[in-house]
Amino acid sequence: MKVLFVHPYGSNFLAGKPDITTIFNVMPPLGLLSIMAWLERHGVASEIIDCYATPLPQDALVEEILHRAPDVVAFSCTTSSFLEGNRIAEALKARNDRMVTVFGGAHACTMGPPLLDRFAAIDYLVLGEGEQTMLELVQAGCNNPSMIPGLAYRDSQGNGVASPPRDLIPDLDQLPFPAYHLLPGFPEKYKLPLFSSPKFPNTSIISSRGCPYQCSYCDRSVFSKGFRFNSPDYILEHVAMLKRDYGIRHVFFYDDLFTFDRKRVAEFCELKRKKGIDVGYNCIARLEHVDAELLKLLKDSGCWQVNFGIESGDPEILKKHRKFYGLDEVGRKLQMVKDAGMRVKGLFMVGLPGEDEAAIRRTIDYALSLPLDEINVTKFTPFPGAPVYRTLQQFGEFNEDWELMNCMNFVFIPTGMNKEQLEGLYDEFISRFYRRTRIHWGYTQMLWKSPHSVLDFLKNLPAIIRFERQQKW
């Protein structure tokens with residue numbers, strides 16, 4: 001069977017405002033590329049249309065899919081892109097009802113069989129990891145779904161049901177590297193966020209699956225709560241392949257917790273340093289994992305920036321939503337990263353359940369007190385698979401508009417607050433952090449530390465100015 005994967009663009013930014021995110025940040029759809037590589041290993045041909053790198057109007061996208069004439073069209077969707085994916089599926093079914101449609105990704109995994117009762121254009125859902133489930137579905141000619149673990153399908157009465165769950169892949173090293181060679185425009189069309197790497201071309205890697213922590217706002221419906229990972233040798237060969245075959249000079253380990261298994265990270269750092277693979281990298285870490293010895297290993301092996309999920313500067317909010325970590329200790333650990341010679345990026349949220357204006361202002365003041373080079377502030381979004389979703393109505397007003405659930409719109413308003421208040425505090429957070437002399441000087445230094453980012457910035461300056469004029473900063 002001929003398989004075509006589609007990565008819908010989705011409602012990715014703010015309603016009524018231009019989306020400038022894809023000018024400066026387009027990551028390859030690694031989950032789909034992993035499935036494609038697994039299919040290819042077993043003799044199944046597939047293609048992909050990534051609407052982030054090559055956006056198309058819906059009519060043009062449907063015509064392109066029909067022109068390619070696949071037997072199966074498989075969509076990977078977040079919550080915000082799910083309805084767009086469904087509209088594409090409906091348009092395809094109206095033109096060719098024999099075309100099989102399969103949906104996977106976080107939203108399908110979280111919502112499960114009831115989606116099939118509401119959305120007639122979807123034939124199957126892949127629940128959980130997709131490599132083996134997708135292969136078996138295609139090998140079976142999309143027949144006898146009850147015999148394939150990890151699927152949702154319609155029974156003889158037309159009701160959505162699920163087959164038994166599929167066991168997680170125990171050894172991730174058995175998977176081939178993602179099929180970058182099947183991704184049109186790679187690596188030229190793909191890039192890490194502006195000023196987040198010193199070299200180009202660059203890309204992202206995922207070297208583990210799952211997370212053992214229980215943060216209230218995280219959806220673990222695809223990879224579950226465990227932690228599985230590639231070996232240091234596998235990771236190093238992955239990086240070496242990207243450099244050899246595509247000229248990649250910097251990567252971002254986009255794992256939820258790259259540093260969770262200390263032994264693995266230490267072995268990787270030592271191997272990379274000894275073999276002299278000249279590819280820099282960024283990673284995400286938790287403060288619990290940081291110490292002087294680990295930081296030296298990271299720096300000596302080419303780490304350029306470490307990202308930390310800090311989320312809030314209010315102790316009571318942190319206790320409600322994630323493992324509490326002393327706020328004084330946060331600053332000390334971040335300074336250790338700086339002293340080791342790496343950049344530090346902090347990740348924050350605004351609008352968490354239980355927050356009020358005073359709590360958010362504490363977070364803003366706290367962020368400004370930390371030795372951070374950069375921040376990313378998201379608007380709290382209660383995804384259906386997150387623990388907090390089940391009790392959300394007790395803490396505020398929730399507008400469950402899937403297409404706005406992208407961390408860039410306030411769909412949840414904590415009790416005692418209003419949307420305008422949240423928007424004002426969010427804008428104030430961004431403005432106060434970035435409009436400081438220290439931060440301006442840091443970006444001035446990027447003229448020689450990240451020259452490709454400067455060129456990209458200047459090339460897209462008109463779009464940036466148009467966006468800036470619409471802000472309230």
Side-chain angles (χ1 to χ4, degrees), residues 1-13 15-23 25-37 39-40 44-108 115-116 118-126 130 134 137-138 141-142 153-154 178-191 402-404 406 463:
M1 302 185 78
K2 183 178 179 181
V3 183
L4 175 63
F5 290 91
V6 177
H7 190 210
Y9 186 80
S11 176
N12 192 50
F13 207 54
K17 295 187 178 182
D19 183 356
I20 66 169
T21 56
T22 55
I23 296 176
N25 182 18
V26 184
M27 296 188 184
L30 294 173
L32 288 182
L33 295 182
S34 181
I35 296 173
M36 293 173 72
L39 295 182
E40 183 178 54
V44 178
S46 65
E47 298 178 343
I48 183 171
I49 299 176
D50 180 14
C51 298
Y52 282 83
T54 310
L56 291 170
Q58 181 176 306
D59 290 348
L61 177 58
V62 169
E63 291 299 330
E64 178 62 24
I65 295 171
L66 291 169
H67 174 72
R68 299 194 191 193
D71 302 294
V72 179
V73 184
F75 298 82
S76 178
C77 297
T78 61
T79 296
S80 65
S81 67
F82 174 80
L83 291 177
E84 179 183 322
N86 181 67
R87 287 191 291 269
I88 298 167
E90 288 177 335
L92 291 172
K93 288 287 192 179
R95 300 277 296 275
N96 180 359
D97 61 4
R98 296 184 305 279
M99 193 173 288
V100 176
T101 55
V102 183
F103 276 59
H107 195 71
L115 284 178
L116 299 178
R118 294 178 57 188
F119 299 96
I122 302 173
D123 294 316
Y124 299 105
L125 305 175
V126 171
M134 194 67 197
L137 179 64
V138 173
C142 297
Y153 61 96
R154 292 184 181 86
Y180 299 99
H181 61 286
L182 298 179
L183 185 62
F186 182 82
E188 291 79 10
K189 289 187 176 182
Y190 295 86
K191 50 193 170 183
W402 290 349
E403 291 190 288
L404 296 180
N406 55 19

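With values rounded to the nearest 0.5 angstrom, Leu32 atom CG is found 9.5 Å from Leu183 atom CG. If you take NE2 on His107 and CH2 on Trp402, they are separated by 3.5 Å, rounding to the nearest 0.5 Å. The structure places CG of Leu39 at 10.0 Å from CG of Leu137, a figure rounded to the nearest 0.5 Å. Distance check, rounded to the nearest 0.5 Å: OH of Tyr190 to CE of Met27 gives 12.5 Å. Between the OG1 atom of Thr78 and the CG atom of Asn406 there is a distance of 8.0 Å, given to the nearest 0.5 Å. In this structure, the separation between CG on Leu92 and CD1 on Ile65 is 4.5 Å, given to the nearest 0.5 Å.
Considering all non-hydrogen atoms of both residues, Pro29 and Asp50 come closest at CD-OD2, 3.6 Å. Considering all non-hydrogen atoms of both residues, Val126 and Met134 come closest at CG2-SD, 4.4 Å. Minimum heavy-atom separation, Ala120 to Arg154: CA-NH2, 3.5 Å. The two residues Asn86 and Ala121 come nearest to each other via the heavy atoms OD1-CB, 4.2 Å. Looking at every heavy atom in both residues, Gly85 comes nearest to Cys77 through CA-SG, 4.3 Å.
Between Val73 and Val6 the shortest side-chain heavy-atom distance falls below 4.5 Å. With a 4.5 Å cut-off on side-chain heavy atoms, Pro184 and Thr54 do not count as touching. By the 4.5 Å heavy-atom criterion applied to side chains, Gln58 and Ile88 are counted as neighbours. Leu404 places none of its side-chain heavy atoms less than 4.5 Å from the side chain of Ser80. When side chains are defined from C-beta on, Cys142 counts as touching Met1, because their heavy atoms get closer than 4.5 Å. For the pair Phe75 and Pro8, the minimum side-chain heavy-atom distance is below 4.5 Å. Between Leu4 and Ser46, the closest side-chain pair of non-hydrogen atoms is not below 4.5 Å. Inter-residue side-chain proximity for Ser76 and Phe5 is flagged as unmet; no heavy-atom pair is nearer than 4.5 Å.
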- Report the C-alpha separation of Ile122 and Leu116 in whole Å, then their side-chain angles, then the decisive distance to 0.1 Å, and conclude whether the side chain to side chain contact (heavy atoms under 4.5 Å, CB included) test is met. CA-CA 6 Å; Ile122 302 173; Leu116 299 178; 3.8 Å; yes
- Message: Determine whether Arg68 and Glu63 satisfy the following criterion, salt bridge (charged side-chain N to carboxylate O under 4.0 Å, His left out), listing intermediate values before the conclusion.
- Response: CA-CA 9 Å; Arg68 299 194 191 193; Glu63 291 299 330; over 6 Å; no
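Residues satisfying the salt bridge (Lys or Arg N to Asp or Glu O under 4.0 Å) criterion with Glu40, sequence neighbours excluded, are absent altogether.
A donor-acceptor pair under 3.5 Å is formed between the side chain of Asp123 and the backbone N or O of Thr101. Panel note: side chain Lys93, backbone Met99; a donor-acceptor pair is recorded below 3.5 Å. Put simply, the side chain of Tyr9 never gets that close to the backbone of Pro55: no donor and acceptor are under 3.5 Å apart.
The aromatic ring centres of Tyr124 and Tyr153 sit 6.0 Å or more apart. Note: Phe103 and Phe82 meet the aromatic proximity criterion, with ring centroids under 6.0 Å apart.
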